[in-house]
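Working notes, beginning with the structure itself.
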2 protein chains.
Amino acid sequence: MTVVGGTRDRMVGAAVSALQRHGVAGMSFTEVLRDSGAARGAIYHHFPGGKAQLVAEAAAANGADVHANLAGLPGADPVAVITAFLTAVRPVVDASTRGGGCAVAAVTVGGEDEDLCAVAAAAFGSWSAALGQRLAAAGVPEAEAADLATTLIAILEGAHVLCRAARSLDPFDRAARTITALIADR
Amino acid sequence: MTVVGGTRDRMVGAAVSALQRHGVAGMSFTEVLRDSGAARGAIYHHFPGGKAQLVAEAAAANGADVHANLAGLPGADPVAVITAFLTAVRPVVDASTRGGGCAVAAVTVGGEDEDLCAVAAAAFGSWSAALGQRLAAAGVPEAEAADLATTLIAILEGAHVLCRAARSLDPFDRAARTITALIADR
DNA sequence: GTCTATACGAAGATAGAC
DNA sequence: GTCTATCTTCGTATAGAC
């Protein structure tokens, strides 16, 4: 997420933050405007499609950020890749213990907007693909790598939910220990 | 969820359904009233605490339902318990592919309401405990059983998110295959 | 106990001045 | 291009008749 940038970029960044904390329905323009310092009329100037467009762009931007991080994951063997993955996402899940969450997951709720689900599906798919590629490069058979990558992304998203409820990283750490041990003992 | 019952029970049931599809902020009394057939004034008659109380009761009721199902899971060995778990939750996740979702997970978003997170945390904790007990009874060491149960609940919640985005059970089936194989090969 | 009617505020969306 | 002011709609919440 760009820390500097024009009004438009700041609005997208503020939308990502609002999505993580309050979801689509709970995100208000008032909040985005306040956090980005933009004026009310700027919304429909930069996003003619209104809330749906802003939300879709925010989810896509957040998805691309995470994808970039996953694609650059180090690790010469499967356990090393998984450990690197877990280490990379732990701080993100930690934000969920303080009311954060996954912005991409947030846009899947609501259900009436099919386009938003497509944006989220594309993001999740790109994450799985990137992680699967890293696992395959570390020696996991192609078919297994894809399934394992999807499983790890599911654990990540589930940990967001559980840790936000528990206000603790304990569920994440339990899942991390378990999956690491299972792969190591394979 | 009771299919018959008084006005109050029907309202709670309608709230669970609304929570699954639209989340807390997206759930409106208008929708709950329509689906339950209740009158507008019935809300504050039965739920003096307003929306917060109705939502909390709906999440708790849904949590108790799921807990009852998990506590009765069959299986003489670890793989059998996990298979029974996955078979039991598959139809629930299938509802997510058509816009559903987990009502308990839904109440964790928003963040400002600490009580709602506590309700969700209690529900998730009871699910993990019930599943962990079944795994322990099937021969998994106590400490491992608790971690594995939490991991399975995380996978369940993550699968809800991924399958709702993808409009497909494919992510769930991949994760189910993976975790089953990892436990079987242990 | 159940229902109708309504108050009050906040949301998204728009128009038009500068 | 940017900002101010405003419109309309829908939300929660309440009052009070039956």
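This is a predicted model, so every value here is computed, not measured. Excluded from the calculations below are hydrogen atoms, water molecules and symmetry mates; all remaining heavy atoms, backbone and side chain alike, are included.
The distance between atom NE2 of A:H46 and atom P of C:dA13, rounded to the nearest whole Å, is 16 Å. Atom CZ of B:R8 is separated from atom C1' of C:dT2 by 16 Å (rounded to the nearest Å). Taking atom CD of A:Q53 as the reference point, atom P of C:dG12 lies 15 Å away to the nearest angstrom.
Grouping the Ile, Leu, Val, Met, Phe, Trp and Tyr side chains by contacts below 4.5 angstrom, directly or via other members, places A:V104 apart from A:V92. Follow the hydrophobic side-chain contacts under 4.5 Å out from A:V93 and you reach A:F124 in the same cluster. Follow the hydrophobic side-chain contacts under 4.5 Å out from A:L33 and you reach A:V24 in the same cluster. Linking Ile, Leu, Val, Met, Phe, Trp and Tyr residues whenever their side-chain heavy atoms come within less than 4.5 Å leaves A:V119 and A:L54 in two separate clusters. Criterion: ILVMFWY side-chain heavy atoms under 4.5 Å apart, direct or through other members. Under it, A:L116 and A:M27 are part of a common hydrophobic cluster.
Within a 6.0 Å radius of CD in A:Q53, other residues, nucleotides and ligands contribute more than 12 heavy atoms.
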Would you give a per-nucleotide map of nucleotides 4-18 of chain D, 5' to 3', where B means the base has a protein non-hydrogen atom under 4.0 Å away, S means only the sugar-phosphate does, and - means neither? BB-----SBBB----
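Side chain to side chain, B:H22 and B:E31 meet the donor-acceptor criterion of an N or O pair below 3.5 Å.
An end-to-end axis angle of 0° holds for the helix from C:dG1-D:dC18 to C:dC18-D:dG1, taken from five base pairs per end and rounded to 10°.
One finds no side-chain N or O of A:H45 lying less than 4.0 angstrom from the OP1 or OP2 phosphate oxygen of C:dT14.
Shown here for A:R21 and B:V109, the closest heavy-atom pair between the two residues is O-CG2, 4.1 Å.
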